[in-house]
Amino acid sequence: MFCGSINKSIFRIFAVLLAVMICFGSASAVFAMEGTSEAEIPETEEPEISETPETEEQIVTSGSCGTNLSWSFSGGTLTISGSGAMTDYSNEKSVPWYELRKDILNIVLPEGLTSIGNAAFYECRNILTVSIPNSVTRIGDFAFTYCYGIKMINFGNGIKTIGNESFSNCISVVSLNLPSGLQSIGRKAFYRCETITSLIIPSGVTNIGVSAFAFCKNLVSVDIRARIKEIPALLFKGCEKLSQVKIPDTVESVEDNAFKECENLDTVYYNGSNISPEDLQKELGGEVLVSSGELSDSSSGSSITENGDGSITSEKVEVIEGEDSTVSAKEEVVFIPEAGESEYSETDVTVDIRGESGWEEAAGAVEDIFKNYGTADDGSERHVNIQLYLSGTESISQEFIESIAGKDVTVTITTENGSVWIINGKDIDTAQLFGNYSLAYVLEAGSAELSEKLGAGTSFVLKFLAPAEINAEVLIRIGGSYARQSASLFKGGKNVEKVQSVVVDSEGYAHFYLGSVTEKTEYYIGMNVPGASEEAIIPQNMLAEYGNPEFIEPIKYEITGRSSSWGMNLGQVMSILAAVMVTVMIVVGAVMFFWNKQRLKNGYVPQMDDEDE
């Protein structure tokens, strides 16, 4: 009887613990499936999505590009291999990969490469980032001319010469962090790099070509540390928002039209004695203040444009420069004289982080930007767009994520390896945040066997290099040839599981909405999987093209791998919980056994009805 009593007691405890485990498992399953519902689009408004790729065969080619250099192209990536100097091409059409220029999304340059040839990447308009190895000493003439898409240039420390028009018309480049060992900047080297807001010309530079920075129309602040004797002709012509310039004390003259059409220039800092302040002021236009002080860390510039419809557009750019970061904000206001009212655009903020130390520097600057631009005149909250660029680091700090949580802000993060993530401040759950987040991933072409397994025309293998648990729109750049086709994300493992299907946007990005990713899982992307077009989510930047359909339910973020705040995933947590429960059962059983044994020893006689209930 007593043994039966113990067994029943243990059974009851086991039943309770089992129930707890089942409840926890159910809750975990619900938690993990929270983001599994995809947005639905009214069928009457959904355009047809192509079921077949524009090209059935993947372009793969290769050849030589120097005595000891070779090149190959696959899956949107142009890879240069070997060492030594690259061939200098006489014109763009003699470049062996020129016909592939529209398909090149990434360039991989090897350590050991000593020069980038003339016209090498001319008109490669779809490159997003460029990382130049430390072994490179020279960038040839026209090397990256008309690379409209480049946003980040990571210069190696060994570069001494930047050739004529090397980066001319790279209109999207965010900032120029020129290497300290640089000696020569060619003619029109950065002509019409329209997006840069601040510039430091290193002290080692001895030669600057004419018009090197002309028509950089958003350039606000310039610090010329180069020990040059003259400011070249047309150097900053058309830099309409340029507000302050520091020129070295070695300067003896300012050449013709060096600051022509720089209407916003108000202060030039000069500590030399080769030119009198009065003469320098005359050369600069007469109204510019010549000061012996130092550049301010914070500066602003503006421009006013009269539009054809009678309205007036005013643009203001404010820049806060740090040692390892640059923060700038651009605000546009359109004034309509007839109506006597103004229309504010959304505020665009650009944050350039250079290494881990840049986060702390940028934090206060971003907070100031929010105070100045995040609130409208009537006190209401205004939407802020932040373009965040990371070099020297692939991670985003938890403090920054917490600072934007709950705010009406959209952050687009671009890393130096080309990874792009979009985070909405109102979608952040601070309770789930822990540590910094690495955003790097690698995309590779999939095999024919993988494509067949997924039922796809073409496939890719996607690898995240670290876990990240944050609601984000992760942009995977597949290529413009797949625009408006369907892309399906699969989670690998013993059983391949489809996670989400999306429409590829006009720039070749597949926008996946993910609540978590893990480096321990291999992901696959299948193009035009049967049935995917009917359930594919249309990205925000494509809604107008598709008739601005209304979602029946909002897009939810898919959880594809989760870690606890201790850095463990859900399976590990469940295993530990199960072990704890088994331990508890053993301990409780042992306690009951010895307790009942003690009772018997003290004379207790079990009764028939002790365990009837």
Side-chain angles (χ1 to χ4, degrees), residues 106 108 128-131 151-156 174-175 177 322-327 349-367 369 385-407 409-425 427-443 462-477 509 511-523 557 559-569:
N106 306 293
V108 177
L128 183 63
T129 63
V130 174
S131 291
K151 294 187 176 182
M152 295 176 63
I153 306 170
N154 298 306
F155 291 102
V174 175
S175 63
N177 301 307
E323 196 68 31
D324 297 305
S325 67
T326 303
V327 178
V349 178
T350 300
V351 182
D352 177 27
I353 301 292
R354 302 181 287 274
E356 294 290 347
S357 57
W359 282 113
E360 187 174 349
E361 274 187 359
V366 171
E367 191 62 34
I369 294 295
N385 291 315
I386 296 180
Q387 297 286 336
L388 181 58
Y389 298 91
L390 305 181
S391 58
T393 177
E394 295 284 357
S395 64
I396 182 170
S397 73
Q398 179 177 337
E399 290 74 18
F400 179 82
I401 295 294
E402 290 175 342
S403 72
I404 65 171
K407 291 184 171 125
V409 56
T410 300
V411 183
T412 302
I413 307 163
T414 303
T415 71
E416 62 184 333
N417 82 336
S419 302
V420 180
W421 297 55
I422 299 177
I423 299 173
N424 192 311
D427 291 336
I428 296 173
D429 182 359
T430 54
Q432 296 180 11
L433 298 179
F434 68 93
N436 295 349
Y437 293 90
S438 177
L439 308 179
Y441 55 71
V442 176
L443 185 69
L462 175 64
K463 297 177 182 178
F464 292 94
L465 304 186
E469 295 180 13
I470 186 169
N471 291 337
E473 187 176 341
V474 184
L475 277 62
I476 308 298
R477 199 175 192 197
Y509 285 99
H511 299 235
F512 294 110
Y513 300 84
L514 305 177
S516 67
V517 296
T518 172
E519 82 285 11
K520 296 179 181 179
T521 299
E522 191 169 72
Y523 299 86
Y557 296 92
I559 295 172
T560 66
R562 177 169 292 282
S563 298
S564 72
S565 58
W566 300 290
M568 296 177 288
N569 60 35

Find the distance between CG (Leu390) and CD1 (Ile396) and round it off to the nearest 0.5 Å. 6.5 Å

What distance separates Asp324 CG from Trp359 CH2, expressed to the nearest 0.5 Å? 13.0 Å

Of all heavy-atom pairs between [X] and [Y], which one has the smallest distance, and what is that distance?
X	Y	value
Val327	Ala362	CG2-CB, 4.1 Å
Gly358	Ser325	O-CB, 3.7 Å
Ala466	Glu519	N-CB, 3.7 Å

Do the rings of Trp421 and Phe464 sit parallel, tilted or perpendicular, given the 30° and 60° boundaries? perpendicular

Indicate yes or no for a side-chain donor-acceptor contact from Tyr513 to the backbone of Asn471 under 3.5 Å, with no hydrogens or angles considered. no

With a 3.5 Å distance limit and no angle check, can you tell me whether Thr129 reaches the backbone of Glu416 through a side-chain donor-acceptor pair? yes

Does any donor atom in the side chain of Thr412 or Glu473 lie under 3.5 Å from an acceptor atom in the other side chain? no

Side chains of Glu356 and Thr393: is there a donor and an acceptor less than 3.5 Å apart? yes

Mind checking side-chain contact (heavy atoms from CB on, under 4.5 Å) for Asn424 and listing every partner two or more places apart, or none if nothing turns up? Thr410, Lys426, Asp427

Taking side-chain hydrogen bond (donor to acceptor under 3.5 Å, both in side chains) as the test, write out the residues that go with Thr326, two or more places apart. Glu321, Arg354

All side-chain hydrogen bond (donor to acceptor under 3.5 Å, both in side chains) counterparts of Glu522, not counting sequence neighbours: Tyr524

